[in-house]
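Letters A, B, ... mirror the listed sequences (proteins, then strands); counts begin at 1.
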There are 2 protein chains.
Amino acid sequence: MPPKNQQARARLLEAARDIIRARGFAATSVDELCRAAGVTKGAFFHHFASKEALGVAAAEYWSETTSALFAAAPYHAHADPLDRFLAYLEFRRELLAGAVSQYTCLVGTMVQETHESAPAIRDACARSIHEHALTLVDDIKAAMAARRVHGFSAESLALHTQAVLQGAFILAKAQQSRDLAAESVDHLIRYVRLLFNHPAAEELPA
Amino acid sequence: MPPKNQQARARLLEAARDIIRARGFAATSVDELCRAAGVTKGAFFHHFASKEALGVAAAEYWSETTSALFAAAPYHAHADPLDRFLAYLEFRRELLAGAVSQYTCLVGTMVQETHESAPAIRDACARSIHEHALTLVDDIKAAMAARRVHGFSAESLALHTQAVLQGAFILAKAQQSRDLAAESVDHLIRYVRLLFNHPAAEELPA
DNA sequence: AGGACAATACCAACCGGTTGGTATGTACGC
DNA sequence: GCGTACATACCAACCGGTTGGTATTGTCCT
């Protein structure tokens, strides 16, 4: 038997991440979560005051784990800010691998369902997206200054990259394939190259 | 031979469009739908074999009503294919008005929740998105030929516009405002202008 | 034209199972 | 011996779906 002490909360959070991404928040029952995590309902409501509280905690857990993933990613190695930004986007495209519900975004899925009915979850999801976008802003600002690009804010471009990714996930779910999602990220990369007059702008694969 | 006087069916479809956009598919109960439509459960299951069948019908109803809206929209008046495409995108940005759940996309919302659990709904949503994107392909193809643009397919750019819009809706839901969504569409318009060397590419507002 | 009658459109009451949530208990480290 | 971490048993409300009906409509026959 797996170690039981202290682990119920973590196992529930992991189960929530996997099951909610596959089936959505409303369609995921507390019983199902408990079954998948191998704990009882008593344990669930010991750690989370309600299903909504679990949703908030799942969004925060998502923020922590994904920000660790991106912090450790290799794209930070580039010296030039624009190269870092482009390498980030290519990293995002490479992340589109395996089953659809393995590479899609928990908070993007949850916020669609809860934006009107569960403000606490919605705000936690909004924070997660916003904070991740913020990690791109310094590099975009530096690239804009270095290449004298203007006409929009660095924040809006950072958020636009997240919009493209979220939209790409919807396309991937609709047609059960990463192909369209990857092509959408390619368009985003082409946009950034055109915007900053990046030399490789004309060399993208079809 | 379509049966006449199907008030209940039409009212249920309209209720489904409004409520599912606000709360999601799984969180919308059959009882709630019936209450909103002013019909009984018997009427519901007379017209739809199951809740899943209602979901499929709602996606098809969405396709019909939105394709009528876009067919009648003024952007078709432009003589140049690229101008038509750009006017379409500006039309989409203008559509971002009123409450969040009034301008977001039913099928984009539904496919997120049902892509694994209800293949029939997922496929109906995928068809809806794909068919709408298809209405843009001829103009994009003509614009690409006229301006000798290559390196990607017209289909992939058409689908990319839908990805950006779907992602913009997620941003709008997360922050309960159209602002970020509109800015994301602005980035998309700027991308298309850069791609086709459109004269106004440098004149976009911040 | 009008009566027979069947199909359609809709309704109220109900069903078994599941839902999120609770009350109460226990095992155990500090 | 007390707080934390769980487990068991249970609940009322609600879930999607079914029942057995009635009112309205369309169609065929004469």
Using a 4.0 Å heavy-atom cut-off, write out nucleotides 8-14 of chain D from 5' to 3' as B (base contacted by protein), S (sugar-phosphate only) or - (no contact).
B------

Using a 4.5 Å cut-off on heavy atoms from C-beta on, say whether the side chain of [Y] contacts that of [X].
X: A:Asp139; Y: A:Asp83; answer: no
X: B:Leu171; Y: A:His160; answer: no
X: A:Met144; Y: A:Leu195; answer: no

Listed by chain and number, what are the ring-ring contact (aromatic ring centres under 6.0 Å, His included) partners of A:Phe25, not counting sequence neighbours?
none

Measure up the [X] and [Y] rings against each other and bin them: parallel (under 30°), tilted (30 to 60°), perpendicular (over 60°).
X: B:Phe196; Y: B:Phe85; answer: perpendicular
X: A:Phe91; Y: A:Tyr75; answer: tilted
X: A:Phe70; Y: A:His132; answer: tilted

Rounded to whole angstrom units, what separation is found between the [atom1] atom of [X] and the [atom2] atom of [N]?
X: A:Leu12; N: C:dG21; atom1: CG; atom2: C1'; answer: 15 Å
X: A:Arg9; N: D:dA7; atom1: CZ; atom2: C1'; answer: 19 Å
X: B:Gln7; N: D:dA23; atom1: CD; atom2: C1'; answer: 14 Å

Mind jotting down which residue pairs meet the side chain to side chain donor-acceptor pair (under 3.5 Å) criterion with at least one end in residues 44-68 of chain B? Sequence neighbours excluded, please.
B:Ser63-B:Ser128

Contacts satisfying side chain to side chain donor-acceptor pair (under 3.5 Å) that involve residues 161-173 of chain A (not counting sequence neighbours) are A:Tyr88-A:Gln162, A:Thr109-A:Lys173, A:Lys173-B:Gln112

Between B:Lys141 and B:Glu155, is there a salt bridge with N-O shorter than 4.0 Å?
yes

Could you tell me, to 10°, how much the axis swings from one end of the helix from C:dA1-D:dT30 to C:dC30-D:dG1 to the other, five pairs per end?
20°

What parts of residues 44-54 of chain B reach DNA chain D, counting only heavy atoms under 4.0 Å away?
B:Phe45, B:Ser50, B:Lys51

